[in-house]
A.B. asks: 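A single structure is presented below for examination.
All residue numbers refer to positions in the sequence shown, counting from 1.
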Amino acid sequence: MQCYTELTPATAVTHSTTLQFIPGQGTNLVVAKSSLLQIFRTKVISAELDTSPNGGHRTRHAARYESRLANDDDGLEASFLGGDSLAQKTDRANNTKLVLVAEIPLAGTVTGLARIKTPNARHGCESLLVAFKDARLSLVEWDAERHALATVSIHYYEQDELQGSPWAAPLSHYVNLLAADPGSRCAALKFGARNLAILPFRQADEDIDMDDWDEELDGPRPAKDLSSAVINGASNIEDTPYSPSFVLRLSNLDPSLLHPVHLAFLHEYREPTFGILASTVGASNSLGRKDHFTYMVFTLDLQQKASTTILSVGGLPQDLFRVVPLPAPVGGALLVGSNELIHIDQSGKPNGVAVNPMTKQSTSFNLVDQSDLNLRLEDCVIDVLTADLGELLVILNDGRMALVTFRIDGRTVSGLDLKMLPAASGGTVIQGRVSTLSRLGRNSMFAGCEEGDSLVFGWSKRLSQGGRRKGRGKEEMDVEEEEEVEDGEDEVDDDDLYGEEPAARQQPVSAMSSLMSGDLHIRIHDRLLSLAPIQAMTYGQPVVLPSTEEERNSAGVRSDLQLVCAVGRDKSASLATLNLAIQPKVIGRFDFPEARGFWTVCAKKPIPKSLQGDKGGNSLSNDYDTLGQYDKFMIVAKVDLDGYEKSDVYALTAAGFETLGGTEFDPAAGITIEAGTMGKGSRIVQILKSEVRSYDGDFGLSQIVPMLDEDTGAEPRAISASIADPYLLIIRDDSSAFIGKIDSSNELEELGKEDQILATGKWLTGCLYTDTAAVFAEEVEKGAKPAQSILLFLLSATGALYIYRLPDLSKPLYVAEGLSYIPPGLSADYAARKGTAKEAVAEILVADLGDTTHKSPHLILRHANDDLTLYQPFRVQMGSGLEFSKTLFFQKLPNMAFAKSPEEADQDDATHQPRSLSMRRCNNVGGYSTVFLPGASPSFILKSSKSIPRVLPLQGSGVIAMSPFHTEGCEHGFIYADSHNIARVTQLPGDWSFAETGLAIKKIPVGDDIAAVAYHPPTQSYVLGCNTLEPFELPKDDDYHKEWARENIAFKPTVDRGVLKLVSPITWTVVDTVQMEPCETVLCAETLNLEVSESTNERKQLIAVGTALIKGEDLPTRGHIYVYEIADVIPQPGRPETSKKLKLVAKEDIPRGAVTALSEVGTQGLMLVAQGQKCMVRGLKEDGSLLPVAFMDMNCYVTAAKELPGTGLCVMADAFKGVWFTGYTEEPYKMMLFGKSSTKLEVLNADFLPDGKELFIVASDADGHIHILQFDPEHPKSLQGHLLLHRTTFNTGAHHATKSLLLPASTPSDHTTNNPPSNGTPTATAATAAQRPHVLLLASPTGALAALRPLPEAAYRRLASLTAQLLTSLPHAAGLNPRGHRLPGADCAAAGVEAGIGRSIVDGAVLARFGELGMARRVELAGRAGYAAVGEVRAELEGVLGWAGLGYF
């Protein structure tokens, strides 16, 4: 069988909400990415300090505008306007950033999120209600003690008896909708055709707990009668935050609610009240239906499980699709349609506006005409911009923004206006359709996208020019004051006695007029990277300009291949190149065979004040003691060819570095173990094996401290060291620790070890950590700032972790005995059973991981095999007076990156192995606070503010020395020496993303929807098949429809028009463009090895393109096949990459049907073409025509046609009629049908997966299932093979595998030859196909990449058993069932003849959680699953998880 593993998480944001979820963090943003839940908090940073790509020149212009505003007369005037103008200024100067708090994978597909406030919630925070497909709800809270989600309750509504009529469609066919009451009194889930589940939440008794109870007047407050809280004998009020839920049939609420469209709970009602949009008949344009929608408002009585109709408005347009509830002062609801907006207030009075000319034809409803806007409101999102002023923000499906403002007379809405935001005001900063909009703060919002990067954007209001400024400024100040008064007082009378209420209510009118003059300015604050949807993918070779310095420098640090995906839609469309490892930007490379260690230092000169105006002084944050100056010296540990150990010092210059002479630095003193600066940068400290040397800033020797034990006279040797100014830790070879401190006179002296354990204990490893974020701080009084401290972390020989707060060495601050058991959560009182297995920990390091926005400490364990375990410290019950050890916990973070075993090439050179290399803490490498792991599998541990820590390997061979390297020629870079004796000065490439998905990703904007991408190996170019929208005009020359020529409409529909783009990967720019005919859409593009001459049988790699010509439903669809050659031309001056051009070789007109799929077929250079309802084999003739030689009749629409290279075996997928397995022969030419699947299968994609001598067909259907089929004519039920055998079905959830790529898996022998497996030519592939394993790479619209790998029988049995054990051993978020999630749905039809014998695909997502367990549990489960040791499990998981076998990327 097979193993399915998700390689990258989903990146398409489907849902979001904001709530106070985690104590002490203010407002949290919860983002759902189909099956991944991410919890963020917000952090406001100054725009000047924001070094992310968003904080570019625009913020600098804003700052310049601010300084001008502050110094002119108008600015002086504005300074008297009170808080509002101040808020404008601060908002424009600050950016709201997202910081990830937790990331929770879910075994289900999220369909809704809602914020719930319950009276007895933990820590007084709010709860989160999550809706899952098909009809499930989970109520979750944040458990601060475990630093994880806690499931409060689970609610299932999937029972058959709830479905009503027996002919009702399955649940998965309906859109389910979650809505919550703004007062958190209940939530509603609309599921199925017309079912409404109501989940009531308990509230404190309102009659007793109301604020107007006065004990002096009303007597003593009555005690609560808890007996009244018992419902159905269930429990009392403290037990559950919810009451039993109940299901209502919508048709019982009102007989007209037969076809519900949307519902939402409304504001300002004492009881839970919702508005619902519905109809008695389904919407239909073709049947001439018009204005048959009804909007009704119901109030729920949760005790009686009944409802009351408050109002009903009929005759509404049938294109309405959403109800948007509006808070006061506007109130009521806004109904959103494709062509109009209609507001219905609390009395049922409608006000509407038409936004395009189609409204007149589609409805007779009375609307204000704004049809000149020509807007399309389908898929738009709307949220409140300013509630007090009644302003709404509309984001259209193309990303443009509009402002909706209401005209309010007294307490009634008299109309609404729509105004587009101009591009100059940031109205086009969003690139495409937004799926969810959430308010983050007073002036910022989060826009979640499924088709591009999700954004955090903020807005500010600029003062308009001219004489109206004073008056309007005064009015705005009044609005601010009114708001503050309302916030400050609990009681607000409905009728204001002093008559100011009407004036306040009229404020929105003036506010509207000011905003309509373009005063709103929007800009992007932050973004979440997205790879969704993946439209197409291929692979190619990384390319640099030949014969350049870049080509010479990048040798050895480039991957063999790179994965190239077409991601995003419309304006967000991009090419994304993906690599597994970081490919550094090499500034310089040179041979350095004797280097064994690098340390760059920046020290103060002995004479102060001579070092003031350093050029780069202001450009950095204060990560460095010397105010961000460039590194000045580099100490290098060396072992020469004779094995002689020494150290040298080099001076760093802008051009490079040179040997520093004439100093008191002694190279012959021995090899350096560690080096750094102490004494606030005034001393350079060099730790040697036998002594510590201290130098001043010019390397004048100031002190030597020998490694001498005065009691015994022994001279232990230093093996590792850690520096945190003013302290120094050295671990010596007799397992003792030396702790030194540099005093105010810059003299280094050893601290006395008052603690007996510290003096006599055996210490394996340790480190110092400067606690800048006060995570390990002692509790302080409220309002006081915790002191920054330096902590000492030590790992004892028994595997216990000791923490001391320096300089106090009298007793440990914290002792955790269980660290070497690698538990999921580490605390001071963690205890394991006797005899429990331990894991060897070679090194511990506490370091800050993060970026310029946010960094936090992590405890990193390096094991003997270079695997890494990461722990995140967190504090609980702060302020409760508990001692420190009871409040500090460490939580294990997921990390399934396996270290490579040391390469055999390094084993023969004994000089590379004498020292154990320590992990290097790097404060700023390319903006990241990171840790580098040297050795056989060199890796960076990277974390951005919006991701969890990821371990990314460094491209190339093993690393034996590394240091950060910050000079004028290489800012925030690093220098390293590899095992091939080459040293490189490098930087992290600036335009790549690393930590978000755990891959090195570069996105190149294209701006047009990409339907296909093909790589052309001979020219190393990419061809993109793009489609752009343009207005559709009816054909003027049609003989049957003369009236089409007289058509004259301004608001035209849009259709796709294809464009071919030739992209050079040297600069990633478009070098040639070919436009298709009007209404012609590119559907597929492939690189095919075709025979171009019948006489010489010459073959060429050509680009074949299939298109569809669609001119409306009145005319038949036609298609074209184009064959292009990429020809060499004379390049443009200064642009050598423009030396290529697309040249048309052949064009074939297909009179019936579109060309939907292309593939090579056979061994003679022919092509397989899916055209309409036929699949044809065609050959390229010399006259430019494509001659058909064989065909196969198909059913409806071919979605995929693929051949197993060089074999003639083909698989064709039909969008409605299943999978066809065929064979093609060349003597004579013919296609034969071998077998078919079930004809009820809706197949989006199909591909082959060879496994030794067996061949499987993998088909993915429209519901997200992967079906494994096999051709077996000897099986009795297969009717001699006419029916394909169905082996198993696996549910991928939302990650529909719409694209696939069959790749050969690399084997250990490939590493020795350094050749990537060839998958290009049929001959090479056919020769190795039998013995080489394969991996099927799957891509989905959610942006997730997955791999399907065949497993040997023995491995399958062990891994299936291990999966079953893990399912019962691990906690599952939100109470979901991972096993049930992977089972096919109840409505999933059989894909073929059942022959599965109860087998299923192994779920790699469960296997990947094996590392979450502690060592004892891992040993236990490994034994139960049939493994001899945990090492065997690791070896097997290394072969099936992650990118195993795909190392050539």
Side-chain angles (χ1 to χ4, degrees), residues 536-541 543 564 1010-1026 1058-1065 1070-1076 1080 1082-1107 1119-1129 1139-1150 1155-1171 1175-1190 1201-1203 1205-1206 1210 1224 1226 1301 1318-1325:
M537 61 179 174
T538 185
Y539 56 87
Q541 290 178 291
V543 185
V564 178
I1010 308 172
V1013 56
Y1015 176 67
H1016 191 250
T1019 59
Q1020 296 183 317
S1021 306
Y1022 293 91
V1023 175
L1024 311 182
C1026 303
V1059 179
L1060 280 185
K1061 297 186 177 184
L1062 181 64
V1063 174
S1064 165
V1070 177
V1071 296
D1072 190 26
T1073 304
V1074 176
Q1075 196 163 33
M1076 301 295 164
E1080 186 173 17
V1082 175
L1083 296 181
C1084 53
E1086 299 286 346
T1087 302
L1088 306 179
N1089 191 19
L1090 299 180
E1091 185 180 279
V1092 294
S1093 171
E1094 296 173 59
S1095 53
T1096 63
N1097 293 342
E1098 182 194 352
R1099 299 272 192 97
K1100 267 190 184 176
Q1101 298 261 26
L1102 300 174
I1103 304 290
V1105 180
T1107 67
H1120 285 133
I1121 308 169
Y1122 299 94
V1123 180
Y1124 289 94
E1125 181 183 358
I1126 299 182
D1128 290 323
V1129 294
S1139 60
K1140 307 281 185 288
K1141 204 170 181 65
L1142 288 167
K1143 174 187 169 188
L1144 186 63
V1145 175
K1147 176 183 176 183
E1148 187 74 21
D1149 188 21
I1150 309 296
V1155 178
T1156 57
L1158 295 165
S1159 173
E1160 281 181 35
V1161 68
T1163 59
Q1164 296 182 354
L1166 304 181
M1167 64 197 295
L1168 177 65
V1169 182
Q1171 51 182 79
C1175 277
M1176 282 200 177
V1177 178
R1178 291 176 176 268
L1180 180 62
K1181 293 181 69 178
E1182 293 180 15
D1183 62 356
S1185 62
L1186 294 166
L1187 182 70
V1189 296
K1202 296 179 182 174
E1203 185 216 25
C1210 303
Y1224 162 72
E1226 292 164 338
L1301 207 55
S1318 166
N1319 203 22
T1321 59
T1323 51
T1325 312

A.B. asks: Working note: V1169 + L1158, criterion side chain to side chain contact (heavy atoms under 4.5 Å, CB included); need CA distance, chi angles, decisive distance, verdict.
C.D. replies: CA-CA 5 Å; V1169 182; L1158 295 165; 3.8 Å; yes
A.B. asks: In Å, rounded to the nearest 0.5 Å, how long is the span from CD of E1160 to NZ of K1202?
C.D. replies: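 Result: 14.0 Å between the selected atoms.
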A.B. asks: Could you walk me through whether E1148 and Q1171 pass side chain to side chain contact (heavy atoms under 4.5 Å, CB included), step by step?
C.D. replies: CA-CA 11 Å; E1148 187 74 21; Q1171 51 182 79; over 6 Å; no
A.B. asks: Can you see which heavy atom on A536 is nearest to which on A1012, and at what distance?
C.D. replies: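 Taking A536 first and A1012 second, the nearest heavy atoms are CB-CA, 3.9 Å.
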A.B. asks: Can any side-chain N or O of D1072 pair as donor or acceptor with the backbone N or O of L1142 at less than 3.5 Å?
C.D. replies: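 Yes: the side chain of D1072 pairs with the backbone of L1142.
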A.B. asks: Check this for me: does any side-chain nitrogen of one of D1128 and K1140 sit under 4.0 Å from a carboxylate oxygen of the other?
C.D. replies: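 K1140 and D1128: salt-bridged.
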A.B. asks: How far does OG of S1021 sit from NZ of K1061, to the nearest 0.5 angstrom?
C.D. replies: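 Those atoms lie 15.5 Å apart.
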A.B. asks: Where do A1014 and A1085 come nearest, in terms of heavy atoms and distance?
C.D. replies: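 Here A1014 and A1085 meet closest at CB-O, 3.9 Å.
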A.B. asks: Could I get the full list of ring-ring contact (aromatic ring centres under 6.0 Å, His included) partners for H1016, not counting sequence neighbours?
C.D. replies: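 ring-ring contact (aromatic ring centres under 6.0 Å, His included) check on H1016 returns nothing, list empty.
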A.B. asks: Consider only side-chain N and O atoms of T1107 and E1080, and report whether a donor and an acceptor are under 3.5 Å apart.
C.D. replies: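 Result is yes, a qualifying pair exists.
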A.B. asks: Does any N or O in the side chain of E1226 come within less than 3.5 Å of the main-chain N or O of T1163, such that one atom is a donor and the other an acceptor?
C.D. replies: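 It does hold such a pair.
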A.B. asks: What heavy-atom pair brings Y1022 and G540 nearest, and what distance separates the two atoms?
C.D. replies: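 Looking at all heavy atoms of both residues, the shortest contact is OH-CA, 3.3 Å.
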A.B. asks: Considering only heavy atoms from C-beta outward, does the side chain of Y1015 approach that of V564 to under 4.5 Å?
C.D. replies: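 A side-chain contact under 4.5 Å is absent here.
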A.B. asks: Distance only, no hydrogens: is a donor on one side chain within 3.5 Å (strictly under) of an acceptor on the other, for E1182 and S1093?
C.D. replies: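 Yes - a donor-acceptor pair under 3.5 Å links their side chains.
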A.B. asks: For a quick test of reading the model, state the closest non-hydrogen atom pair linking V1082 to G1058 and the distance between them.
C.D. replies: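 Minimum heavy-atom contact is CG2-CA, 3.8 Å.
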A.B. asks: If you round to the nearest 0.5 Å, how far is CG of N1097 from CD of Q1164?
C.D. replies: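 Nearest 0.5 Å value for the CD-CG distance: 8.5 Å.
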A.B. asks: Counting C-beta onward and ignoring hydrogens, is there a side-chain heavy-atom pair between V1155 and L1083 closer than 4.5 Å?
C.D. replies: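 No, side chains not in contact.
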A.B. asks: First locate atom CG of L1166, then atom CD of E1091, and finally report the distance between them rounded to the nearest 0.5 Å.
C.D. replies: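 With rounding to 0.5 Å, CG (L1166) is 7.0 Å from CD (E1091).
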A.B. asks: Quick check: do P1018 and I1126 have side-chain heavy atoms less than 4.5 Å from each other?
C.D. replies: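 No, side chains not in contact.
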A.B. asks: Please determine whether side chain to side chain contact (heavy atoms under 4.5 Å, CB included) holds for the pair I1121 and M1167, giving the CA-CA distance in whole Å, both sets of side-chain angles, and the decisive distance to 0.1 Å.
C.D. replies: CA-CA 11 Å; I1121 308 169; M1167 64 197 295; 4.1 Å; yes
A.B. asks: First locate atom CG of L1024, then atom OG1 of T1073, and finally report the distance between them rounded to the nearest 0.5 Å.
C.D. replies: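 Between atom CG of L1024 and atom OG1 of T1073 there are 9.5 Å.
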A.B. asks: As an exercise, state the distance from CE of M1176 to CG of L1186, rounded to the nearest 0.5 Å.
C.D. replies: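 Output value for this atom pair is 11.5 Å.
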A.B. asks: Quick one: side-chain contact (heavy atoms from CB on, under 4.5 Å) partners of S1159, sequence neighbours excluded?
C.D. replies: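 Scan of S1159 (side-chain contact (heavy atoms from CB on, under 4.5 Å), adjacent residues dropped) gives L1168, E1203.
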A.B. asks: List the atom of G1184, the atom of A1146, and the distance in Å for their closest heavy-atom pair.
C.D. replies: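 Looking at all heavy atoms of both residues, the closest pair is O-CB, 3.1 Å.
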A.B. asks: Within a strict 4.5 Å, meaning less than it, do heavy atoms of the L1102 and L1180 side chains meet?
C.D. replies: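 A side-chain contact exists here, since the closest heavy-atom pair is under 4.5 Å.
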A.B. asks: Side-chain contact test, heavy atoms from C-beta onward, threshold under 4.5 Å: evaluate it for E1125 versus V1092 and give yes or no.
C.D. replies: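 A side-chain contact is absent here, since even the closest heavy-atom pair is not under 4.5 Å.
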A.B. asks: Before giving the answer on side chain to side chain contact (heavy atoms under 4.5 Å, CB included), spell out for Y1124 and V1074 the whole-Å C-alpha distance, their side-chain angles and the decisive distance to 0.1 Å.
C.D. replies: CA-CA 11 Å; Y1124 289 94; V1074 176; 3.5 Å; yes
